[in-house]
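Below is one structure; the comments refer to it alone.
Computed from heavy atoms alone, side chains included, the values below leave out hydrogens, waters and symmetry copies. Order of appearance sets the numbers: ligands from 1, and atoms from 1 within every ligand. On a predicted model such as this, the values are computed, not experimentally measured, just so you know.
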Amino acid sequence: MTKTLPPRSARAWWRDAVTYQIYIRSFADSNGDGKGDVEGIRSRLPYLKKLGIDAIWITPWYPSPQKDHGYDVADYMDIEPDYGTLAEAQKLIDEAHKLGIRVIVDLVPNHSSDQHRWFQEALRSAPGSKARERYMFRDGNGVNGELPPNNWQAVFGGPAWHRITEADGKPGQWYLHLFAAEQPDLNWENPEVRSHFEEVLRFWLDRGVDGFRIDVAHGMIKAPGLPDVLDDSNATPEMLAAQKMPFWDQEGVHEIYRVWRKILDSYEGDRMAVAEAWVSPASRIALYLRHDELANSFNFDFLTSAWKVKDLKKNIDQSLKAIQDVGAPASWVFNNHDVVRSVDRFALDLQPGKGETTLDRHGDVAKLDLQLGIRRARAGALLMLALPGGAYIYQGEELALPEVRDIPEDRLTDPRWEMSGRTDKGRDGCRVPLPWESSPTSAYGFSTPAQVDPNDTWLPQPAWWGDYSVEKQERDPRSTLAMYRAALEIRHQESGLGDGEMTWREFGDDVLAFSRPGDFLCIVNFGKPFKLPAGEILLSSSPIHGDLLPEDTTVWMRAK
Ligand code: GLC
């Protein structure tokens with residue numbers, strides 16, 4: 001695989017960056033209310049600096065009723081009072097920059113909160129009014145409009161349409177919500193919606209942010225006429241599998257990104273945007289990465305690969321080929337706030353379905369071997385960080401946190417739990433507030449300096465949480481935290497890492513291996529122990545005795 005690139009110091013930072021995702025509600029709590037906040041993030045900047053990441057992405061921090069924990073935005077140009085103030089956000093951005101850390105904020109353009117002033121105005125206004133035109137209101141089907149306008153289902157479960165009561169007290173129109181009912185879809189055919197978001201981009205760019213993570217980036221445009229999707233009764237399984245959803249990945253979204261790219265480029269400093277686009281195959285993702293569109297797009301095919309050598313190799317090949325055609329860098333990712341943590345996935349061989357925002361959370365939990373999961377997650381991390389391009393890591397991944405599976409049902413907060421008819425516990429298990437310290441005092445150091453019980457944080461922390469704490473791992477040179485720090489340091493020193501060339505190397509069917517410029521060699525062993533080639537070992541994901549590379553282990557070497 002060859003690519004002509006300027007040297008790392010001369011190319012856009014987002015071609016190589018390792019970005020750390022901060023789920024603000026669960027990162028660090030500075031005022032003892034059991035929820036993370038802006039000042040909490042600021043207080044932990046030295047930790048992030050020491051970790052060696054290049055950028056942070058902060059999940060939505062805007063005023064929000066928190067029905068979907070910030071992904072229901074009530075005002076795109078302010079800060080949620082529970083999280084802090086605009087002045088504090090500015091201080092955080094400035095301090096991060098002083099430390100050489102870039103800041104990416106989350107933009108949620110597909111839908112707003114139902115508490116957004118636009119939606120409230122739409123509810124008060126008549127059908128057909130200008131206010132209704134900002135959202136996706138439609139008359140219902142059936143004699144009295146009692147049936148939804150089409151058969152679309154919400155991602156979280158149930159119909160994607162909600163019927164409102166009109167000002168006269170009668171049942172009225174329906175509005176579209178691809179997610180929760182409290183997240184009405186905006187109408188992106190309306191120029192006012194477009195110009196509002198252009199203003200939002202400028203608002204944050206003027207405050208110095210380096211980029212945006214675009215939520216549901218494949219969702220804003222819907223197929224004309226909002227046609228029904230095929231359903232089980234009128235389609236064969238092949239037809240169902242092949243159908244293109246009329247609300248995902250429509251051509252029209254690209255026009256929006258071309259306009260946004262111009263805005264980003266009108267600012268200094270390689271401002272960027274990264275797409276959360278659950279589209280497949282890789283050639284569809286590449287369309288979002290054309291030179292006049294977005295900088296990065298998460299590689300969800302990689303995230304949804306099973307821990308199997310063939311799957312991962314195939315995905316890496318296909319992704320690199322697809323993005324090479326448009327000249328974009330890869331964006332590897334194994335974890336985020338929407339999926340079961342990789343420790344559990346890799347231990348249980350969970351191979352989730354493609355094109356969904358959530359994964360199979362079940363698996364045979366009785367068989368869960370956490371040590372195996374941690375071993376594989378560590379091996380996966382060194383694989384990901386050696387591949388060409390950038391990478392995204394999710395808070396707690398550097399601690400090899402497992403999924404928390406025993407949150408009591410009455411404490412579950414993800415809308416998916418209720419909307420699925422309580423069949424899917426949702427995503428809370430990967431969102432539990434971080435363990436900074438080993439002792440449960442002050443919620444394992446999450447709420448400082450206050451004394452907060454681990455059961456009183458917004459999601460309860462389990463009794464074993466302290467075993468994974470930053471404090472404990474800082475004292476252990478073999479900890480996952482120590483491995484990430486070492487890996488990120490090597491990544492900065494090795495000019496051949498980050499974006500650029502890679503060459504596959506053959507060491508047998510159970511081994512995935514490639515070299516990077518500078519005689520750098522990355523070898524991942526999925527099978528029986530095998531004899532390493534000659535060279536100097538730089539780092540390994542589990543201990544190596546003699547010259548045998550154990551199973552489920554990645555090694556970084558300088559080849560001889
Ligand atoms: C994205 C977010 C997810 C959210 C959804 C609706 O997939 O990552 O957390 O629930 O969009 O905004």
Side-chain angles (χ1 to χ4, degrees), residues 19 21-27 36 57-74 76 80 104-116 119 135-136 152-158 160 176-186 188 197 212-220 245 247-249 253 273-280 285 288 296-300 303-304 331 333-341 352-359 361 392-395 412-420 424-432 458-459:
T19 302
Q21 180 191 352
I22 294 181
Y23 194 72
I24 182 167
R25 213 173 169 75
S26 301
F27 186 68
W57 143 33
I58 305 168
T59 56
W61 56 359
Y62 317 105
S64 159
Q66 306 290 331
K67 295 292 179 195
D68 189 19
H69 303 317
Y71 286 96
D72 47 326
V73 180
Y76 291 87
E80 160 65 37
I104 296 174
V105 295
D106 214 312
L107 188 71
V108 190
N110 180 68
H111 44 265
S112 73
S113 160
D114 62 351
Q115 298 307 309
H116 192 285
F119 193 73
Y135 291 90
M136 305 288 289
W152 296 1
Q153 294 290 298
V155 171
F156 296 152
L176 177 69
H177 60 90
L178 287 181
F179 294 87
E182 295 87 353
Q183 294 168 298
D185 278 52
L186 286 154
W188 275 86
F197 276 89
F212 300 90
R213 176 262 188 192
I214 302 168
D215 189 66
V216 197
H218 56 316
M220 285 113 92
M245 289 298 177
F247 38 83
W248 295 146
D249 199 22
V253 292
V274 47
E276 187 223 17
W278 288 85
V279 302
S280 195
I285 296 204
Y288 291 77
N296 290 176
S297 183
F298 299 112
N299 185 342
F300 290 128
L303 183 152
T304 54
S331 300
V333 59
F334 273 138
N335 288 283
N336 65 32
H337 64 293
D338 289 328
V339 299
V340 171
R341 286 199 179 262
K354 299 280 158 68
E356 295 166 15
T357 55
T358 49
L359 308 180
R361 293 160 218 293
Y392 285 81
I393 59 183
Y394 173 50
Q395 67 183 40
L412 292 174
T413 67
D414 185 351
R416 189 171 260 271
W417 170 235
E418 291 298 341
M419 289 181 74
S420 69
D424 181 344
K425 284 193 171 174
R427 304 160 291 180
D428 289 332
C430 67
R431 299 174 174 180
V432 174
W458 73 279
L459 285 173

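Residues satisfying the side chain to side chain contact (heavy atoms under 4.5 Å, CB included) test with Ser420, not counting sequence neighbours, are Thr423, Asp424.
The distance between the ring centers of Tyr71 and His337 falls below 6.0 angstrom. In summary, the aromatic rings of Phe156 and Trp417 are positioned with their centroids too far apart to meet the 6.0 Å limit.
Residue contacts with ligand 1, taken as heavy atom pairs separated by less than 4.0 Å, involve Phe156 solely via side-chain atoms from C-beta onward. Under 4.0 angstrom from ligand 1, there are no non-hydrogen atoms of Lys67. Only the side chain of Arg213 comes within 4.0 Å of ligand 1, judged by heavy-atom distances. Contacts of His69 with ligand 1, taken as heavy-atom pairs under 4.0 Å, are absent altogether.
Using a 30° and 60° split on the angle between ring planes, Tyr62 and Tyr76 fall in the tilted class, from 30° to 60°.
Backbone and side-chain nitrogen or oxygen atoms of Asp338 are examined, and one is located within less than 3.5 angstrom of a nitrogen or oxygen of ligand 1.
Salt bridge status for Asp338 with Arg431: present, with a side-chain N to carboxylate O gap under 4.0 Å. Under a 4.0 Å N-O distance rule, the pair Asp428/Arg416 does not qualify as a salt bridge.
Which parts of ligand 1 touch Arg431 is read off a 4.0 Å heavy-atom cut-off, strictly below it: atoms 9 (O). In summary, the atoms of ligand 1 found under 4.0 Å from a heavy atom of His111, numbered by their order in the structure, are 6 (C), 12 (O). Remark: ligand 1 atoms within the under-4.0 Å shell around heavy atoms of Asp68 are 4 (C), 5 (C), 6 (C), 10 (O), 12 (O). Remark: ligand 1 atoms within the under-4.0 Å shell around heavy atoms of Arg427 are 3 (C), 4 (C), 9 (O), 10 (O).
A ring-ring contact (aromatic ring centres under 6.0 Å, His included) with Trp57 is found for one member of Phe212, Tyr23, Phe298 and no other, namely Phe298.
Within the structure, the closest approach of His177 to ligand 1 does not fall below 4.0 Å when heavy atoms are considered.
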